[in-house]
Amino acid sequence: METRNMVLLDIDYVTQDSKPVIRLFGKDKGSNDNNTIIALDKTFEPYIYVIPYDIGLCQHELENLGLDKIERIQKKDLGQNREILKVTLKHPQDVPELRDDIWNLSQVKEIREHDIPFYRRYLIDKGIFPMSQIKIEGNIIESSPCVFSASENTLLLEIEKPPQKLESDFPELKILSFDIEVRNPDGMPNAEKDEIIMVGISGNMGLDKVISTKGQHLDFVEKVNTEKKILEKFAEIVKNYQPDVIVGYNSDNFDFPYIKDRAKLLGVKLDLGVDGSELKFLRRGFANSASIKGIIHVDLYLVMRRYMHLDRYTLERVYQELFGEEKFDLPGDKLWQYWDAGGESLEQLFRYSLDDVQATYKIGEKILPLNLELSRIVGQPFFDLTRMTTGQQAEWFFMRKSHEYGEIAPNKPSHLQHSQRRGKSVEGGYVKEPEKGLHENIVQFDFRSLYPSIIISKNISPDTITLDEENSYIAPESGYKFLKEPPGFIPSVIGQVLDERSRLKRKMQKSEDPMEKKILNVQQEALKRLANTMYGVYGYSRFRWYSIECAEAITAWGRDYIKKTMEKAKKFGFHSIYADTDGFYATYHPEEKEK
DNA sequence: CAGAAACGGGG
DNA sequence: GTGTACGTTTCTG
C-alpha cells in the first residue's frame, strides 16, 4: 500500500466489468515534477431514498422488483424524523431505468435524491472537496500517469483537512490560456471552409506565443507550414505543459468546437486528456461544455457574466472594466484582410492575437482565485462550478449541508411546479419615491444586512413554517408563522456562512503576512457572494427549498422594519425624502420634533 | 397580445 | 449521464 497527497482537480466515473469505478484526477503538488495522479475507487455504489406508506409492504414490493440491497434507515425530512428505505443499485444508469418502476409501486410515497450525478454523490458522501489536498491510499497499478487503485475492502480516501477549515494550502495552479484566429472572408467563420490561421497561447510558466503559418520575422510567433501543423503544435504544447486549468473566452461555444471541427477535417488527433482521451463536448441543455479529462477547462465568458454587471461582455469590455485600460482591438469582420494584406497589417493581426490571449490570461488570473474558493466551499468540481448559476452554487452547498445534518433533500421541482412557481411574484422591498428638489443637511440610515438578519432572527425556513400561534414569529401582512425553536435548516446554514466570514475577516485584519491576507480576503469574498445569493434563493424557481411563504415573509418584515424606523425617526424630527429596501435618506427639522 | 424564437460571446 | 441552461428581448401568428 502506498499513500499520496494530491490536489483534487476533477472527478468522474467509468464502467469496468459492468461496475462503476470512480476516478479522481489530481496533481501531486508536493513533487517537483507536477505529477498527474488518477485514483480509482471501485467501492462506491449508487443509491436512492424511498419514502414508503407502509415500510414493510414497501420493502416487499421493492424486493419483488429484484432489488436486493434495501436498508431501513432514520433520516430527517424538513426536520421530521422518518424511517425510510435506502435502496442501493448496481450502476448509476440503473437509477433512471428503475426510477419509474419504483415510483409506480403502490407503497412508494416519494423517491428522493434520485437525480444526483454519481460523482457528486461521491464527493458529498466522502466529505471531500475539489481543489483541496486529499490523501489517497492504494496500490499503484500504472506509472505514467500514476494510477492508484483502492483494494477491494479498504477505504481509499482520507480527508487531509476537515471541511470546516477553509484556509488549507492555496494550490499553485498552472494556467494556460488560448485563443484562435480564423480567416473569415464571409462574416462569422464557418468551420467547413474557413481555416484557422493563428492559435495564441499564454501561460504562467513563461509561455507567450502565437502559432501560425505566417510571420517568421516576429519573435513571439512560431511558424509552421500548414494549418494541420498549427493544431498538432497546439496539442503538443498542451500535453507538454500539463496545465491544471485551460482558459478561453467563449471557448465552450467557439474556440474548442472550431478546433475540434477543423481537427476532424484535417485528421488531427486531439488526445489532450491525462488518460489519453480526446477533447469532447458535454451537453448542458442547449449549450455545450468543452471538456478535457483531468484538465479543468474554464470558459471565462460564462464566469464574467456572473462576476460583474455590464451591458456587454465582450473580451474588450470586460478587460477594460477589470484593468481600466483599453485592449488593442481590430474589427472582427476585417481580420482576413489584415491576414491577406501582409506587411504592417499582418503584424498588427499578430499583435492582436497575442494581446487577446494575454488579456484572456490576465482575466483568468484575476478571477480564478475567487471561483477556486467557491469550488472548495460549495464542494463541486471547478469545471462544474464555473458553469453553474449562483443559485445552483448555493443549492449544492445546501445539498452538502443537508447530508451533513442527516436530512433528505427535497426534490427538484417538476416542469409543472416550476412553471407555477414562475407565475408567482414576490413583493419586493419598500421604496419611497424621492421628493423632488435640492435637499441639504441630509442624514442617511442603513440596516446592516437586513434580509439575512431577518431570516436568522425570525427563523424563516421551510422546516419551521407552522400554524402554531404560541411559540412562533408572525410575519406582517401575510401572517405566516415560523417556529422560534429549533433553528431551521436554511437559517442555520446562512448563520454558519456569516460566522465563518466574520472569523476570516477578523483573521485577515490581524494577519501580518500579505500573502495570507490576500488569500483570506478572497475566501471571505467568496463567502460573501455565497451568502448574498442565499438571501434570494427562496424565490429562485428551481430551488429545492423554494418557498414563496418564506420569500414573502422576508420582504414583508423588511418593509415593516424600514417603515417603523422611518416613523420613529420622524418623531425625532427626521423627515425622510427617499427610501429603498434597507435604508433611507432624511432631512433634519428640529422644529418638527415631538416633545 | 401571447407564445415562439432569438440572443449572448466568438471571427 | 442519478442529465437536458437562462433570463431577457424581439419576432410572429
Side-chain angles (χ1 to χ4, degrees), chain A residues 12-15 20 44-49 87-100 102 111-122 124-125 178-191 193-200 248-259 262 280-291 299-306 310-318 329-339 349 352-353 356-357 360 363 384 387-392 399 409 411-412 415 418-419 422 540-542:
Chain A
D12 71 356
Y13 83 91
V14 289
T15 304
F44 193 65
E45 294 177 302
Y47 64 86
I48 57 173
Y49 297 126
V87 180
T88 303
L89 304 164
K90 302 252 181 310
H91 195 278
Q93 286 173 356
D94 294 343
V95 176
E97 202 162 299
L98 288 168
R99 202 162 36 198
D100 288 346
I102 295 173
I111 308 175
R112 295 285 191 86
E113 307 203 4
H114 55 78
D115 54 0
I116 299 171
F118 191 54
Y119 65 94
R120 295 193 180 180
R121 179 87 271 172
Y122 188 87
I124 292 170
D125 288 22
F178 81 109
D179 177 52
I180 67 167
E181 310 301 334
V182 175
R183 186 178 174 279
N184 59 327
D186 305 312
M188 281 312 291
N190 173 357
K193 60 177 189 62
D194 298 332
E195 61 171 322
I196 293 174
I197 52 177
M198 297 178 187
V199 176
Y249 204 85
N250 202 23
S251 39
D252 267 350
N253 283 307
F254 181 71
D255 301 71
F256 270 135
Y258 208 94
I259 285 180
R262 294 302 292 180
K280 66 171 186 179
F281 294 90
L282 310 177
R283 280 264 279 278
R284 281 188 320 129
F286 308 115
N288 286 327
S289 303
S291 160
D299 183 342
L300 293 171
Y301 164 65
L302 302 170
V303 177
M304 297 321 294
R305 283 204 337 183
R306 269 204 317 273
L310 300 174
D311 48 349
R312 296 173 62 74
Y313 293 89
T314 61
L315 182 63
E316 286 71 32
R317 184 73 186 81
V318 165
D329 200 16
L330 292 176
D333 54 346
K334 303 222 167 62
L335 292 185
W336 66 281
Q337 294 172 358
Y338 286 81
W339 173 256
L349 185 59
Y352 165 80
S353 175
D356 262 16
V357 75
T360 303
I363 293 169
D384 296 26
R387 289 167 178 79
M388 285 177 186
T389 63
T390 53
Q392 291 167 325
M399 289 296 281
N411 286 334
K412 280 195 286 200
H415 255 289
H418 182 243
S419 51
R422 287 198 66 166
Y540 165 52
S541 58
R542 294 195 134 82

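Chain letters run A, B, ... following the sequence lines, proteins first and then strands; every chain starts at 1. These numbers come from a predicted model, not from an experiment.
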Which is it for A:Gln93 and A:Phe118 under the side chain to side chain contact (heavy atoms under 4.5 Å, CB included) test, yes or no, and what are the steps along the way? CA-CA 9 Å; A:Gln93 286 173 356; A:Phe118 191 54; over 6 Å; no
Would you check, one step at a time, whether the test side chain to side chain contact (heavy atoms under 4.5 Å, CB included) holds for A:Lys280 with A:Asn288? CA-CA 10 Å; A:Lys280 66 171 186 179; A:Asn288 286 327; over 6 Å; no
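Atoms CG (A:Asp100) and C1' (C:dT2) sit 13 Å apart, rounded to a whole Å. Note: CG (A:Leu98) to C1' (C:dG1) measures 16 Å, nearest angstrom. Nucleotide C:dC6 holds its P atom 15 Å from the OH atom of A:Tyr301, rounded to whole Å. Atom pair A:Met388:CE and C:dC6:P shows a separation of 11 Å (rounding to whole Å applied). The CG atom of A:Asp384 sits 8 Å away from the P atom of C:dG1 (whole-angstrom rounding). The distance from atom CZ of A:Arg305 to atom P of C:dC6 is 11 Å, rounded to the nearest whole Å. Atom CE in A:Met399 sits about 13 Å away from atom P in C:dT2, given to the nearest Å. Residue A:Tyr49 contributes atom OH, which lies 13 Å from atom C1' of C:dT2 at whole-angstrom precision.
Counting non-hydrogen atoms under 4.0 angstrom, A:Pro96 reaches the backbone sugars and phosphates but no base. Residue A:Leu335 is in sugar-phosphate contact alone, with no base atom involved, counting any heavy-atom pair closer than 4.0 Å across all strands shown. Residue-level contact check: A:Tyr258 touches neither bases nor backbone, having no heavy atom under 4.0 Å from any strand. Residue-level contact check: A:Tyr352 touches the backbone only, with heavy atoms under 4.0 Å from sugar-phosphate atoms and none from bases. Using a 4.0 Å heavy-atom criterion, one finds that A:Lys334 contacts no nucleic acid atom at all. Contact annotation for A:Arg99: backbone-only contact, meaning every heavy-atom pair under 4.0 Å involves sugar-phosphate atoms and none involves a base. Residue contacts for A:Leu315: at a heavy-atom cut-off of 4.0 Å it reaches the sugar-phosphate backbone alone, with no base atom in range. Within the 4.0 angstrom heavy-atom criterion, no nucleotide atom of any strand lies near A:Asp12. Residue contacts for A:Ile180: at a heavy-atom cut-off of 4.0 Å it reaches the sugar-phosphate backbone alone, with no base atom in range. Among the heavy atoms of the strands lying under 4.0 Å from A:Asp179 are primed sugar atoms or P, OP1, OP2 only; no base atom is included. Within 4.0 Å of A:Tyr313, counting heavy atoms only, lie sugar-phosphate atoms of the nucleic acid but no base atom. Within 4.0 Å (heavy atoms only), A:Tyr13 reaches sugar-phosphate atoms of the nucleic acid but no base atom. Contacts of A:Asp115 with the nucleic acid, taken as non-hydrogen atoms under 4.0 Å apart, include base atoms. Looking at heavy-atom distances under 4.0 Å, A:Arg312 makes contact with sugar-phosphate atoms alone, never a base.
Within the 4.0 Å cut-off from OP1 or OP2 of C:dT2, not a single side-chain nitrogen or oxygen of A:Tyr119 is found. Phosphate proximity of C:dG1 to A:Lys280: absent, as no side-chain N or O sits under 4.0 Å from OP1 or OP2. OP1 or OP2 of C:dC6 sits under 4.0 Å from a side-chain N or O of A:Gln392.
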Every protein N/O within reach of nucleotides 7-10 of chain C N/O, cut-off under 3.5 Å:
none

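Reading DNA chain B from its 5' end, the first and the last nucleotide to sit under 4.0 Å from a heavy atom of chain A are B:dG8 to B:dG11.
Here A:Phe254 pairs with A:Tyr258 under the ring-ring contact (aromatic ring centres under 6.0 Å, His included) rule; sequence neighbours left out. By the side-chain hydrogen bond (donor to acceptor under 3.5 Å, both in side chains) test, A:Arg422 is found to be paired with no residue, residues two or more places apart in sequence or in another chain being considered. A:Glu195 is linked by a side-chain hydrogen bond (donor to acceptor under 3.5 Å, both in side chains) to nothing, counting only residues two or more places apart in sequence or in another chain. Remark: A:Arg305 pairs with A:Tyr301 by the side-chain hydrogen bond (donor to acceptor under 3.5 Å, both in side chains) rule, at least two apart or across chains. Under the rule for a ring-ring contact (aromatic ring centres under 6.0 Å, His included), the partners of A:His91 that lie at least two apart in sequence or sit in another chain are A:Tyr13. Taking A:Tyr119 as the reference, nothing meets the ring-ring contact (aromatic ring centres under 6.0 Å, His included) condition, with sequence neighbours excluded. Partners of A:Asp115 by side-chain hydrogen bond (donor to acceptor under 3.5 Å, both in side chains), not counting sequence neighbours, listed by chain and number: A:Arg544.
With both ends at atom P, the span from B:dG9 to C:dG3 equals 31 Å, rounded to whole Å. The same atom, P, is picked in C:dG1 and in C:dA5; the two are 12 Å apart, to the nearest Å.
The shortest distance between side-chain heavy atoms of A:Leu89 and A:Glu45 does not fall below 4.5 Å.
Taking the six-membered ring for Trp and thresholds of 30 and 60 degrees, A:Phe256 and A:Phe178 have ring planes inclined between 30 and 60 degrees apart.
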